[in-house]
Every structure is written in C-alpha cells, then in structure tokens.
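Report on the structure given below.
Chain letters run A, B, ... following the sequence lines, proteins first and then strands; every chain starts at 1.
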Amino acid sequence: MSPGKTKGIGPYLLIAPAGLLLAVFLVLPYLNIGVMSFRVPGQGTPYGEGFTLVNYARFFADSFYIWQVVNTLWIGFLTTAICLVIGFPVAWQLTRPNMRFRGLAYGLVLSPLLVGIVIRSYGWTILLGNNGLINRTLTNMGLIDSPLPLMYNALGIIIALVHVFLPFMILPIMNGIQGIDPSLEAAARSLGASRTTAFRRIVLPLSMPGIQAGCILVFVLSLSAYVTPSLIGGLKVKTMAVTVVDALIDTFQWPFGSALALMLSVTGAVIVVIFGRMTRMKWKVA
Amino acid sequence: MTEVSIEKLTKSYGNARAVNAISMKIAEGEFISLLGPSGCGKTTTLKMIAGFEDVTEGAIRFDGQDVVNTPAEKRDIGMVFQNYALFPHMTVEQNLAFGLEMRKVPKPQMRERIAKVLDMVQLKGYEARYPRQLSGGQQQRVALGRALVIEPKILLLDEPLANLDAKLREEMRVFIRDLQRRVGITTVYVTHDQAEAMTMSDRVVVMFGGRIAQIGSPTDIYERPENHEVAEFVGQVNLVQAKVESVGEGTATVTSPLGDFTLPTKISVKPGNMVSLALRPEAIELSKATEGQPAATVLASYYSGALMDYRLKLDNGDELHAQTFPVNRFAEGDRVALHAPAERFWLVGVSK
C-alpha cells in the first residue's frame, strides 16, 4: 500500500474529532437557526406554533434592515482595505532578513490580541469620545473648536476594528511572502527589472495567496464583530451583528433574529465566494 | 561577445575573506567553470559578476568597462539559478517574455525571439504551461531559454544541474555545452562536480578557501595538477613512496616499487630525499604477473559495468587503487603485474 492512498477507516478516525466539533458547534446551531427563522413569531413567548415566511418578508420589506446589511458590509470592506494598506508594508518589513528588533515588532503586531475585547473597546472609548484624549488634546492645542465626531459612528467602529484585526491581515501575508523564493527577485533583477518592478511583477502577485487569506479573515471577522461595534457604535450606528443580538436577547424575537442572522451569513458567504473567484490564482490550481 | 576580466576581486564578511584577491581573464565566447568545494568562494564570485553581491575590493570588467558599480539589472547578464527560479505565476512564454518586456522589445519581435529560443531549448508547444506542470529537466531548459532570449553579454550558471538525477544531468551537460557553442556566448559556470567542469569547460578555475588554486584546460587540471589539493579534488590519486636517486635540470630520477622514473619537478629535492609519486588509478594497467615486473596482490575487485576497480596491495604493504576496462579480469588473491607510463606520474612532495 502506497502512502497517501491509505484505505480503511484510519483517515476518518483522524478527522473525527474535528468533524464532531464542527457538527456539534457549527452545523447543529446553523440548522437550529435555519429552522427557527421559519417559525411563527411568538406572543409573549420566543416563538409560536407552525412555520412561516413572514420573518424574511419583514426583512425584505423594511429598507432599514437592508441598509443595515449594506452598512455592515461597507464597514467590513473599509476595515479590510485599511488593514491591507497598513498591514502589507508591516508584513513585508517583518520578512526582511536583516530586520532588527524582529521579536519586539512581532510582539507589537500581536499585541491587540493580548488584551481582552471588552477592555480594548473601552480603551478606544476613552481615546475617541467627545471628552476623550484625542478631542481634548486637539481642543487644548486650539486646533478645533468643537469635538470631532470619532465615536458613535462608522469611523470609530472602523478604527477599533482595524486595530484588533490587523494581526489577522499581517500574519497570513507574512506567511505568503516568506514562501517566496528570494532567488525569484534576483532572477527578475538579472533580467533587467529594477527593485520596484521586481516587487510589482514578482513579489506582489506571489503574495496574493496571503493577501487573499488575510482579506477573507478580516472581512468575515468584521461582519461578525459584536462587542466593538456595540460599545463604540452605541445606539446610533448599529451593525447587523448588534441588531441580531438585540432581536434575540432584548426583544426576544427568536425567529426574526434568526432570519436576520442568516441573511448576514449568506451575504457574507456570497461575497467571500465572489472575492475568491475574482482572485483565483490560475498558477496555483493548475 | 564579451570578454570578462576580473582583477584582485575580494569579498570580505567582517574579517573573513570569502573571495581573496582573485584575478582571471575570460575570453570572448569562452566556457569557464569555477570548481571547488562548498565555501570556496565560487558562488560568491559568480554573484559579484552578476551584481547580486557587493564587491569589497577589485574590479570586474566587461570588455574593459568596470561594472562593479553597475546594478544587476543594468549589467546585461543571463543567469541560470540552481533552483531555476522560474516565476511560478507566469507561463513558460511569460517567463521568457519578462526580460524582453524589461528591454521594451516590440511585441512582434518579442514573439519571434521567444519562438526561436523555445526551438533552441526544445520546448516548442509548452508556451502555455506553468512551471509546476513541467519536469525538472524542462524547467531547467526554460531557465536556460529565459537567460538566453535577452541575448545577454554573459551567461552565468550557478550549479544548474545539481537538482537533476544522474542520467538527466549527463544529458544536460552535453545539451548546455552544445547550446553554448552554437550561441557563442561567454559563459561562467559554477559547480562542485569535477566531471561536470571537465566535460563542459574550455578552462577550469579550481578554487579553495577563496583563492584560485589553478586555472587551466581540463587536461591540465587533471593530468598536470599544480598541487595535491587540486589533484585530489578533480579525481582519485594514488600516492607511492619513492626515493630520489639523482637530480637534473628541473628533473629528478627516483626509484619506486613501480619502477625507476625520471620526472619533471617543480619542487626542489635532493638525492636521498623520500618523495611521493602521484598516479591516477586509470593510468595503471594490469597483466598476469611475470618475473622482473613490479607486482601486487589483488585485495578486492569491483565491477561497475564499463570499468573494473581494483584494490591492490604492493609487496611493501602500500595499497593502490587501479581502474581498468574489464577485458582481463582478476580475482581476489591474484598476483598481477603493474604497468604505468612515466608521463602519468607527477611528484607531489617530500615526505620525511
């Protein structure tokens, strides 16, 4: 028997723990949400008897919810784009062989993940609030008359999300760049390419797998973020995740909340698939 | 066609000198190999010629023009890397086009040149393949084509055959050599494989410890090595004890278990000195032992198809390695007579 062509139940046993985990904590809950989203809204109870499409009808009938999905996606897009623009140079620098203080820099990259999510978000409210550090400093310096609106809006949410999700952009890109054979750059130079051209034509396209992975991670994380948007967005700007939790917990509308949750998941999944198609690398699958 | 001249080229890393004031001239269209063990400075030298490594001291001239301060992309060289360094996200055609695009060659002309080179490296029909869809040998030929299509001044190859299996390696040796002759491009080839260097090169530069030990034709290097290190590196060597009987004008007459010889010598010896004679295994011929001939006993014999290898023991206890065609075969324990022509010996040094 040749390796890689193992027969029997061995391979299945190996993936069984992961499969079980997925089944119990992902597939079952999704099935539950799916079923719940078709239930009749309850009167005084989380849900009533029988099944209906009314929850989805309510979603599509109310432009408020559609706009909220659009807003959430928009925040996700911007967070991803800003993470990419900030993260790529950092990832690039961290992979340079002559990089000094690499350990320290690496620690700094990971630092947002070392602080609890609630504490970190409160930290941002201290910085971004109307009476926060940034606005007070600018006012005291006489640069502004009234506080800049940094909180309770999309800007504040994006700032805080970029901060925490940056590592999820940087690490996959680093991984991608590290996998690029340094002699490729040398080969490009020997063929007459300047450093800039070699970067643009060789290094950048070859780091696409890392960029793709980082973008998907950050985008998906941004869509599903709850604590940061709810603390920084407050009551004024709500992302879809916040609205879903409101529906499920505050107003006890389990069927409608489930429908909202599924609409967000489906839109997110569709966008990820389209993005994956658009950035498909022929040279990798060939 | 370009002539390359290297003058007192030095590369230091801190106090260590990877390349130590080496000088050489490479003629137009010449195929020269830098041969040596790892760490001898051959790859560093190649990288300095290519412009990937800064020069600490010395000059590199292409047709008299010093290029030490010219960046790699302006040196107009074609380079083949050990791992081929093909661009994985580009097809064979795009790989070949890259250098031409950098030179802003117009499209129709570009297509023509690519077609010509693909024909040359026998890869017609592979234009649309990605590197990972090619075998090692094919990737190697793409790399060669990509380096040649820009019609560079000089072709540099850094151990290009090291990743191929033995049979393909031998085919590629001939292929590269023939191609180089046909194109007539000045070529510098780095290798640690002496057979590769010998079969391909016009001249071989043997390097040890950042210095040039010998520059010469493959024949010179193999048959007239300047020192024992070179002799050992380019092939197997037998050492036979001998005694100097008399000394002439640049020659010495010695007696040895293999007979008495008068040999040219570059080292000064005095009558009565004990010296070592060096001899290649294939310079020894064996026949059935007869009276009056230097003789030995066969300790072991190894058949490798084209050749026989023998381990022999001289009557004084010294061991010899002989390599012959398997015409007359001898078995373990046989007594054999040894024949070795005087011109195949050289004198390597005085032993105490």
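Contact of B/Arg103 with chain A is made through the side chain alone, with heavy-atom distances under 4.5 Å. For B/Asn83, the part sitting under 4.5 Å from any heavy atom of chain A is the side chain, from C-beta outward, and nothing else. Both the backbone and the side chain of B/Arg146 come within contact range of chain A, each with at least one heavy atom under 4.5 Å from a heavy atom of that chain. Of the atoms belonging to A/Ala188, heavy atoms from both backbone and side chain fall under 4.5 Å from chain B. Contact annotation for B/Leu86: only backbone heavy atoms (N, CA, C, O) come within less than 4.5 Å of a heavy atom of chain A. When heavy atoms are compared at a cutoff of 4.5 Å, B/Phe87 approaches chain A by way of both its backbone and its side chain.
The line from CZ of B/Phe52 to CD of A/Glu185 is 10.0 Å long, rounded to the nearest 0.5 Å. Note: B/Ile150 CD1 to A/Ser190 OG = 6.5 Å, rounded to the nearest 0.5 Å. Atom CG of A/Leu206 and atom NE2 of B/His89 lie 4.5 Å apart (nearest 0.5 Å).
Closest approach of B/Pro71 and A/Arg189 over heavy atoms only: CB-NH2, 4.3 Å. A/Ser194 and B/Glu73 make their closest contact through CA-OE2, 3.6 Å (heavy atoms, listed as atom of the first residue, atom of the second, distance).
Here the side chains of A/Ile202 and B/Phe98 are in contact, with some heavy-atom distance below 4.5 Å. Two residues are said to be in side-chain contact when any heavy atoms from C-beta on lie closer than 4.5 Å; A/Asp181 and B/Pro88 fail this criterion.
At most 12 heavy atoms of other shown residues, nucleotides or ligands fall within 6.0 angstrom of atom CG in B/Asn69. The environment of CZ in A/Arg195 is sparse: at most 12 heavy-atom neighbours from other residues, nucleotides or ligands sit within 6.0 Å. Heavy-atom contacts from other residues, nucleotides or ligands closer than 6.0 Å to CZ of B/Arg182 number more than 12. Around atom CZ of A/Arg96, more than 12 heavy atoms belonging to other residues, nucleotides or ligands sit under 6.0 Å away. Atom NZ of B/Lys47 is surrounded by 12 or fewer heavy atoms from other residues, nucleotides or ligands within 6.0 Å. Sparse packing is recorded around CD of B/Gln65, with 12 or fewer heavy atoms of other residues, nucleotides or ligands lying under 6.0 Å away.
Note on A/Arg201 versus B/Glu101: salt bridge recorded, some NZ/NE/NH1/NH2 to OD/OE distance being below 4.0 Å.
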